[in-house]
Amino acid sequence: MTAGNINWVVNIDPKERRGDSTVSALQRLGFVMSVMTIAFGGLFIGPTSMLIKPKTPPDEWWLSLTFGGVELWDVIFPLAGIMLLVCVAKMKHVRTAHIITGAVWAALGLVWSIGGIMHSPSPFFGVGIMALFIGTIHTILAQIYFFEGVE
């Protein structure tokens with residue numbers, strides 16, 4: 001491939017890279033991120049969860065955050081994912097929805113990373129680190145929406 005063949009990539013006007021095509025791509029990414037959050041929350045649900053998670057007892061109660069027999073993660077992940085899905089579909093309050101969803105992922109990441117360190121070796125540490133990165137991605141997406149002028 002010669003430089004002349006890729007010249008069209010380099011010479012694209014920056015205004016053509018932004019706008020509707022960028023926002024449409026961000027919207028599709030938002031749909032993927034919301035379905036991922038809903039699916040991850042679905043892995044928690046049920047007596048035989050498909051996700052390795054702490055059981056109470058004997059594991060520390062704060063890893064599962066169980067209150068009244070219901071785990072916090074069982075509720076907030078599906079709710080955050082549905083909220084993000086609705087906001088992305090309507091393209092209203094998308095930045096706020098990404099920040100809230102990112103905070104949910106970051107909260108799980110912090111709790112499970114700390115729990116994984118305290119109960120070494122533990123698979124919670126790896127899941128926690130991944131959750132922290134996913135929370136960061138949501139924050140960056142909110143920033144990109146801001147730069148693109150989406151509320």
Side-chain angles (χ1 to χ4, degrees), residues 12-151:
I12 293 176
D13 183 12
K15 292 180 183 176
E16 292 179 22
R17 290 187 214 167
R18 301 165 81 196
D20 291 337
S21 61
T22 303
V23 173
S24 295
L26 284 170
Q27 186 179 29
R28 288 189 302 274
L29 181 58
F31 283 131
V32 170
M33 299 291 283
S34 64
V35 170
M36 178 182 67
T37 302
I38 294 168
F40 187 77
L43 294 176
F44 284 104
I45 297 173
T48 56
S49 168
M50 295 181 69
L51 184 72
I52 297 173
K53 64 179 183 175
K55 305 288 185 221
T56 53
D59 289 325
E60 300 291 334
W61 69 271
W62 57 270
L63 284 172
S64 60
L65 296 175
T66 303
F67 302 100
V70 177
E71 282 193 42
L72 181 68
W73 310 125
D74 292 353
V75 176
I76 64 170
F77 268 94
L79 286 179
I82 291 168
M83 175 199 58
L84 181 60
L85 184 67
V86 169
C87 290
V88 168
K90 291 184 175 188
M91 291 303 284
K92 297 282 186 189
H93 309 291
V94 181
R95 293 188 323 233
T96 303
H98 272 294
I99 290 169
I100 291 170
T101 306
V104 168
W105 280 99
L108 176 98
L110 284 173
V111 169
W112 281 23
S113 294
I114 293 168
I117 291 169
M118 292 176 68
H119 298 287
S120 184
S122 173
F124 303 119
F125 181 75
V127 174
I129 294 298
M130 292 302 296
L132 286 170
F133 279 109
I134 293 169
T136 304
I137 291 169
H138 279 287
T139 304
I140 293 169
L141 284 170
Q143 187 180 24
I144 294 170
Y145 274 110
F146 174 78
F147 292 143
E148 289 297 327
V150 177
E151 72 174 278

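When a residue number appears, it is its place in the shown sequence, counting from 1. Because only heavy atoms are used, hydrogens play no part in the values below, and waters and symmetry mates are left out as well, while side chains stay in.
- With sequence neighbours left out, the side-chain contact (heavy atoms from CB on, under 4.5 Å) criterion links E151 to K92, H93.
- Shown here are the ring pair (Phe, Tyr, Trp, His ring centres under 6.0 Å) partners of Y145, two or more places apart in sequence or in another chain: H98.
- To the nearest 0.5 Å, atom OG1 of residue T136 and atom CG of residue L141 are 11.0 Å apart.
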Below 3.5 Å, can you tabulate the donor-acceptor pairs from side chains in residues 81-88 to any protein atom, sequence neighbours excluded?
none

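- Atom CH2 of W112 sits about 12.5 Å away from atom CG of L132, to the nearest 0.5 Å.
- L79 is linked by a side-chain contact (heavy atoms from CB on, under 4.5 Å) to V75, counting only residues two or more places apart in sequence or in another chain.
- Residues passing the side-chain contact (heavy atoms from CB on, under 4.5 Å) test with I76, sequence neighbours excluded: L72, W73, V104.
- Here the rule is side-chain contact (heavy atoms from CB on, under 4.5 Å) with F40, and of V35, L108, I134 only L108 fits it.
- To the nearest 0.5 Å, atoms OG (S21) and CG (L26) are separated by 9.5 Å.
- Residues W105 and F77 place their aromatic rings such that the two centres sit under 6.0 Å apart.
- Heavy atoms from other residues, nucleotides or ligands lying under 6.0 Å from CZ of F146 number 12 at most.
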Side-chain donor/acceptor pairs under 3.5 Å, residues 124-131, sequence neighbours excluded:
none

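- Put simply, OG1 on T101 and CD1 on I137 are 13.0 Å apart, with the number rounded to the nearest 0.5 Å.
- Taken to the nearest 0.5 Å, the CD atom of Q27 stands 13.0 Å off from the CD atom of E148.
- In this view, S34 satisfies the side chain to side chain donor-acceptor pair (under 3.5 Å) rule with no residue, not counting sequence neighbours.
- Rounding to the nearest 0.5 angstrom, the gap separating the CG atom in L43 from the CD1 atom in I38 is 12.5 Å.
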